[in-house]
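So the structure is just underneath, and the comments pick up after that.
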Amino acid sequence: RQRERQAGAGMEGGGQHPDPPSQPQGERLQLLLRRSREAKNCAYCPYSRFPVGAAVLTAGGEIFSGCNVENACYSLGVCAERTAIQKAISEGHTSFRAMAITSDMGDSFIVPCGACRQVMREFGTDWDVYLTKADGTYIVKRLEELLPLSFGPEDLKK
């Protein structure tokens, strides 16, 4: 299921179906998208010059944001998605409903790297990921679409 929308656009028209109840809607979705944009502005990326922001919505309705933080020792940098998730976990949240990811990419939607997809997968596959462009348009994907045939905690119990 793929939908492309302008942030702030309504649900009507185009034969689009309303979001399922588990997805953030209206003001909550706009806040999630805005928090990811705000986080992007805090990115520390002197080497790549590629700022990324992310915001994760917990099952309880709280939003935690994060940005990418680079390091001169490149492998020690951390992505925005993992920063947001780690902030949420450090505050006691391990159940997530959605994540929004923002960058300055104009022609393509930002997507999480493989490492971030795996970290996200640790907390289930049934949550939504809003992939944005610089102009505010976005598509929404289920995490299971971004990481098919994934390996998770339940596989260690087999």
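The basis for the numbers below is simple: all heavy atoms, side chains too, and nothing from hydrogens, waters or symmetry mates.
- Under the rule for a salt bridge (charged side-chain N to carboxylate O under 4.0 Å, His left out), the partners of D155 that lie at least two apart in sequence or sit in another chain are K158.
- Scanning for ring-ring contact (aromatic ring centres under 6.0 Å, His included) contacts around F64 gives H93, with sequence neighbours left out.
- Scanning both residues, S65 and R35, for their nearest heavy atoms gives OG-NH2, 3.7 Å.
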For residues 71-83, dump all side-chain donor-acceptor pairs below 3.5 Å to protein atoms at least two apart in sequence or in another chain.
residue	atom	partner	partner atom	Å
N71	OD1	C73	N	2.8
T83	OG1	C67	O	3.2
T83	OG1	C79	O	3.0

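- Distance check, rounded to the nearest 0.5 Å: OG1 of T58 to CD1 of I89 gives 12.0 Å.
- Of all heavy-atom pairs between C45 and N68, the closest is CB-ND2, 3.8 Å.
- Note that CD1 of I101 and CG of L33 are 11.0 Å apart. Values are rounded to the nearest 0.5 Å.
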Chi angles and distances behind the side chain to side chain contact (heavy atoms under 4.5 Å, CB included) call for F96, L143: CA-CA 11 Å; F96 305 111; L143 182 54; over 6 Å; no
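- Here E38 pairs with R34 under the side-chain hydrogen bond (donor to acceptor under 3.5 Å, both in side chains) rule; sequence neighbours left out.
- For the salt bridge (charged side-chain N to carboxylate O under 4.0 Å, His left out) test, residues two or more places apart in sequence or in another chain that qualify with E154 are R121.
- The CD atom of E144 sits 11.0 Å away from atom CG of L149, with the distance rounded to the nearest 0.5 Å.
- The nearest pair of heavy atoms linking F123 to I85 is CE1-CG2, 3.9 Å.
- Here the CE atom belonging to M99 is positioned 11.0 Å from the CG atom belonging to L131, to the nearest 0.5 angstrom.
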Would you tabulate the side-chain donor-acceptor contacts of residues 109-120 under 3.5 Å, counting partners in other chains and residues two or more places apart, or write 'none'?
residue	atom	partner	partner atom	Å
R117	NE	P112	O	2.7
R117	NH1	L146	O	2.8
R117	NH2	P112	O	3.1
Q118	NE2	F151	O	2.9

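- Judged as a salt bridge (charged side-chain N to carboxylate O under 4.0 Å, His left out), and not counting sequence neighbours, E62 has no contacts.
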Which pairs would a plain distance check flag for residues 48-57, meaning a side-chain donor or acceptor within less than 3.5 Å of a matching protein atom at least two apart in sequence or in another chain?
residue	atom	partner	partner atom	Å
S48	OG	F50	N	3.1
S48	OG	E70	OE2	2.2
R49	NH1	P46	O	2.7

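- Using a 4.0 Å cut-off between a side-chain N of Lys or Arg and a carboxylate O of Asp or Glu, D128 and R142 qualify as a salt bridge.
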